[in-house]
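Working notes for the structure below.
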Amino acid sequence: MTEGTPTPSERPLRISVIGTNYLGANTAAGMAEFGFDVIGVEIDEHRLKLLNDGKAPLYEPGLDPLLKQHTDSGRLRFTNDYRQVADWADVHFICVGTPQQEGSDAADLAQVNSVVDMLAPLLTRPCLVVGRSTVPVGTSKLVEKRFHSESPAGQGVEIAWQPEFLREAHGVDDTLHPDRLVFGVQSAAAEATLRQVFAAPIDEGTPVVVCNLPTAELVKGGANAFLATKISFINALAEMCDATGADVTQLADALGHDKRIGRGMLNAGPGYGGGCLPKDLRAFMARAGELGVEEVITLLREVDDINQHRRARVVDVTHELLGAEWVGRNVTVLGAAFKAGTDDVRDSPALDVAGRIQLHGATVTVFDPEAMENARRVRPTLRYASSAAEACEGAHLVLHLTEWPEFRELDPAALRGAVAHPVIVDARLSLDAQKWRDAGWTYRAPGRP
């Protein structure tokens, strides 16, 4: 510090957020909303320009206005130069992606390692480096070892892990008003710093769990493994309902009233998807394998298998309704995103089912309110329409695969005149079955009579 320069204890904390895709963009905007000066580090030039213009690099409700507000005020800015944040920030949040390794279930930590490569040699004073990325348990100690050995500040660089629990389509609210905060720390000073950073939600009553590093690393993977298990469990019960004439939606309502179970995430459908839950589940299994915890692998492998079977089940129902001949049949797919409220098509059940049906020889036309561009990039051979009505023209069967509110508001009587055959498969079990049947449609929903 030069003479006359305020020390961190004499001024507000400064925060850097490294990696600014979904997690990082929400984190950076949220930290600015909490009142801190924030610099986000982003090496992708296109994404960097968008962010400095106050625009999110992806569709997330409410994120653009928050980014714009704080980039305009000067509280939030973005750079591709690590030197601008190294000794400027007191707290560095690591928010880069940890995708699934190609050809393996394990997490790819290349981006985390790259952050260490770039940041560690530039740190010359004490600071707190906080991991938010979802990593295999044990990663934080490896990161700590590298920072201590490669940073001029050495032991003055402290490592903490603070897992995120952001739901796509709810990322802004989950950042500003989290349902819990987990602080994986090694000192009272690190805990105090994180409490200062998250003072606003803590003052609102958000519970805080203070734990060691491995516990914090296990929380996110454990939570996603449990949610995946819950989804696959109700989907397995949907198969029982199909075999017996029971209604899985009513069954889930009844189960959900049990406080030990709860209704959340107990919705049958084509299975889970997205960029986090599937790869986190598989990474959790891979790490369990490395640790020799076979029971975890056995359980979660079955969970993943049930999830994949649900997609195949939708294809089977489509086959039953279309008959033996696929070629020359037109199938409409309503939805491309893995869930409503996002443009994320990573591991999307909707696009997976669409692709499988196309492979059988049918012509598949897709419409999604937000995910069309990403869908075209992933599945360029599918047909794409500019509206749900256009997508349904000449259809022999309509598949409802993403639960966008506008699909629930469709007029089945008006659509009946556009399709070749009024047949709909409500794989999300969220349409008004009686309304469609009254309009003359054959309505099927796996798990409902």
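None of the values given here were measured: they were computed from a predicted structure.
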With the side chain counted from C-beta on, respond yes when Phe198 and Val208 share a heavy-atom pair under 4.5 Å apart, and no when they do not. no
Can you name the closest pair of heavy atoms from Ser140 and Ile159 and give their distance? O-CG2, 4.1 Å
Give a yes or no on whether Lys230 atom NZ has more than 12 heavy-atom contacts from other residues, nucleotides or ligands under 6.0 Å away. yes
Between the CD1 atom in Ile297 and the CD atom in Glu294, the distance rounded to the nearest 0.5 Å is 4.0 Å
More than 12 heavy atoms of other groups within 6.0 Å of Glu373 CD: no
Holding to side-chain contact (heavy atoms from CB on, under 4.5 Å), I want the full list of residues that pass it with Glu45, two or more places apart in sequence or in another chain. Leu48, Asn80
I'd like to check Val197 versus Ile15 (side-chain heavy atoms, cut-off strictly below 4.5 Å). Are they in contact? yes
What residue among Asp247, Asn267, Val248 forms side-chain contact (heavy atoms from CB on, under 4.5 Å) with Leu429? Val248
If every non-hydrogen atom of Ala160 is compared with every non-hydrogen atom of Leu194, which pair is closest and at what distance? CB-CD1, 4.3 Å
For a 4.5 angstrom cut-off between non-hydrogen side-chain atoms, does Ser232 reach Asn307? yes
With a 4.0 Å cut-off on N to O distance, would you call Asp117 and Arg146 a salt bridge? yes
Is any side-chain heavy atom of Arg310 closer than 4.5 Å to a side-chain heavy atom of Glu239? yes
Strictly distance-based, threshold 3.5 Å: is any side-chain N or O of Gln100 a donor or acceptor partner for the main-chain N or O of Ala106? no
Return yes if some donor-acceptor pair links the side-chain N/O of Ser104 with the main-chain N/O of Gln101 below 3.5 Å, else return no. no
Taking NZ, NE, NH1 and NH2 as the nitrogens, is one of them in Lys220 or Glu164 under 4.0 Å from a carboxylate oxygen of the other? yes
Can you confirm whether Val209 sits close enough to Arg180 that some side-chain heavy atom of one is under 4.5 Å from a side-chain heavy atom of the other? no
So His400 and Val425, do their side chains get closer than 4.5 Å, heavy atoms only? no
Are any side-chain N or O atoms of Ser73 and backbone N or O atoms of His70, one a donor and one an acceptor, separated by less than 3.5 Å? yes
If you draw a 6.0 Å radius around CZ in Arg83, do more than 12 non-hydrogen atoms from other residues or ligands fall strictly inside? no
Going through the distances and angles, do Asp90 and Cys127 end up as a side-chain contact (heavy atoms from CB on, under 4.5 Å)? CA-CA 5 Å; Asp90 308 300; Cys127 62; 5.8 Å; no
Asp368 (side chain) donor-acceptor with Ala336 (main chain) under 3.5 angstrom: yes
Taking all non-hydrogen atoms of both residues into account, name the closest pair between Ala216 and Pro163 and its distance. O-CG, 3.5 Å
In Å, rounded to the nearest 0.5 Å, how long is the span from CG of Leu119 to CD1 of Ile94? 7.5 Å
Which atoms form the tightest heavy-atom contact between Thr71 and Gly54, and what is the distance? OG1-CA, 3.6 Å
Smallest separation among heavy atoms of Leu266 and Gly262, with atom names: CD2-O, 3.8 Å
If only atom types and distance count, is the side chain of Thr139 paired as donor or acceptor with the main-chain N or O of Val135 below 3.5 Å? no
Measure the spacing between CD1 of Ile234 and OG1 of Thr229 and express it to the nearest 0.5 Å. 13.5 Å
Can you see whether Phe183 has Arg195 sitting over its ring - NZ or CZ less than 6.0 Å from the centre and within 45° of the normal? no
Where the side chain of Asn52 meets the backbone of Phe78, is there a donor-acceptor pair that is under 3.5 Å apart? yes
Thr79 versus Gln84, side-chain donor and acceptor atoms under 3.5 Å: yes
Consider only side-chain N and O atoms of Thr98 and Lys279, and report whether a donor and an acceptor are under 3.5 Å apart. yes
Please walk me through it: do Lys339 and Glu168 pass side-chain contact (heavy atoms from CB on, under 4.5 Å)? CA-CA 8 Å; Lys339 71 172 186 176; Glu168 292 194 47; 3.9 Å; yes
Arg346 atom CZ: more than 12 heavy-atom contacts under 6.0 Å: yes
May I ask you to decide whether Asp174 forms a salt bridge with Arg167, counting only side-chain N to carboxylate O separations under 4.0 Å? yes
Return yes if some donor-acceptor pair links the side-chain N/O of Asn374 with the main-chain N/O of Val345 below 3.5 Å, else return no. no
So if I apply the salt bridge (Lys or Arg N to Asp or Glu O under 4.0 Å) rule between Arg282 and each of Asp304, Asp105, Asp305, which one comes out positive? Asp304
Beyond-backbone contact of Val353 with Val333, side-chain heavy atoms, under 4.5 angstrom: no
Would you check if there is a donor-acceptor pair between the side chains of Arg132 and Thr27 at a distance under 3.5 Å? yes
For Asp242, which of Arg444, Arg448, Arg313 qualifies under salt bridge (Lys or Arg N to Asp or Glu O under 4.0 Å)? Arg313
Around atom CD1 of Ile43, are there more than 12 heavy atoms of other residues, nucleotides or ligands at under 6.0 Å? no
Using atom types as modelled and distance alone, determine if a side-chain donor or acceptor of Asp343 lies under 3.5 Å from a backbone N or O of Tyr59. yes
Side-chain donor/acceptor of Asn235 to backbone N/O of Gly269, under 3.5 Å: yes
Sequence neighbours excluded, the answer for ring pair (Phe, Tyr, Trp, His ring centres under 6.0 Å) partners of His319 is Trp326
Would a distance-only check, ignoring hydrogens and angles, find a side-chain to backbone donor-acceptor pair under 3.5 Å from Thr402 to Trp404? no
Carboxylate-amine/guanidinium contact Lys49 Asp53, below 4.0 Å: yes
Could you check if a side-chain atom of Leu399 sits within less than 4.5 angstrom of a side-chain atom of Leu334, using non-hydrogen atoms only? no
Test Tyr82 against Ile18 for side-chain contact (heavy atoms from CB on, under 4.5 Å), laying out the working first. CA-CA 9 Å; Tyr82 278 80; Ile18 303 172; 3.4 Å; yes
Evaluate Lys68 against Asp64 for salt bridge (charged side-chain N to carboxylate O under 4.0 Å, His left out), listing each step before the verdict. CA-CA 6 Å; Lys68 184 66 174 171; Asp64 275 359; over 6 Å; no
Roughly how far, to the nearest 0.5 Å, is the OH atom of Tyr22 from the CG atom of Leu63? 8.5 Å
Residues Glu370 and Thr342: side-chain donor-acceptor under 3.5 angstrom: no
Looking at Phe34, I want to see if its CZ is surrounded by more than 12 non-hydrogen atoms of other residues, nucleotides or ligands under 6.0 Å. yes
From CA spacing to verdict: salt bridge (charged side-chain N to carboxylate O under 4.0 Å, His left out), Arg408, Asp426: CA-CA 10 Å; Arg408 292 197 295 272; Asp426 179 16; over 6 Å; no
Those residues at least two apart in sequence (or on a different chain) that pass salt bridge (charged side-chain N to carboxylate O under 4.0 Å, His left out) with Arg376 are none
Can you tell me how far CG of Leu142 sits from CZ of Phe147, rounded to the nearest 0.5 angstrom? 12.5 Å
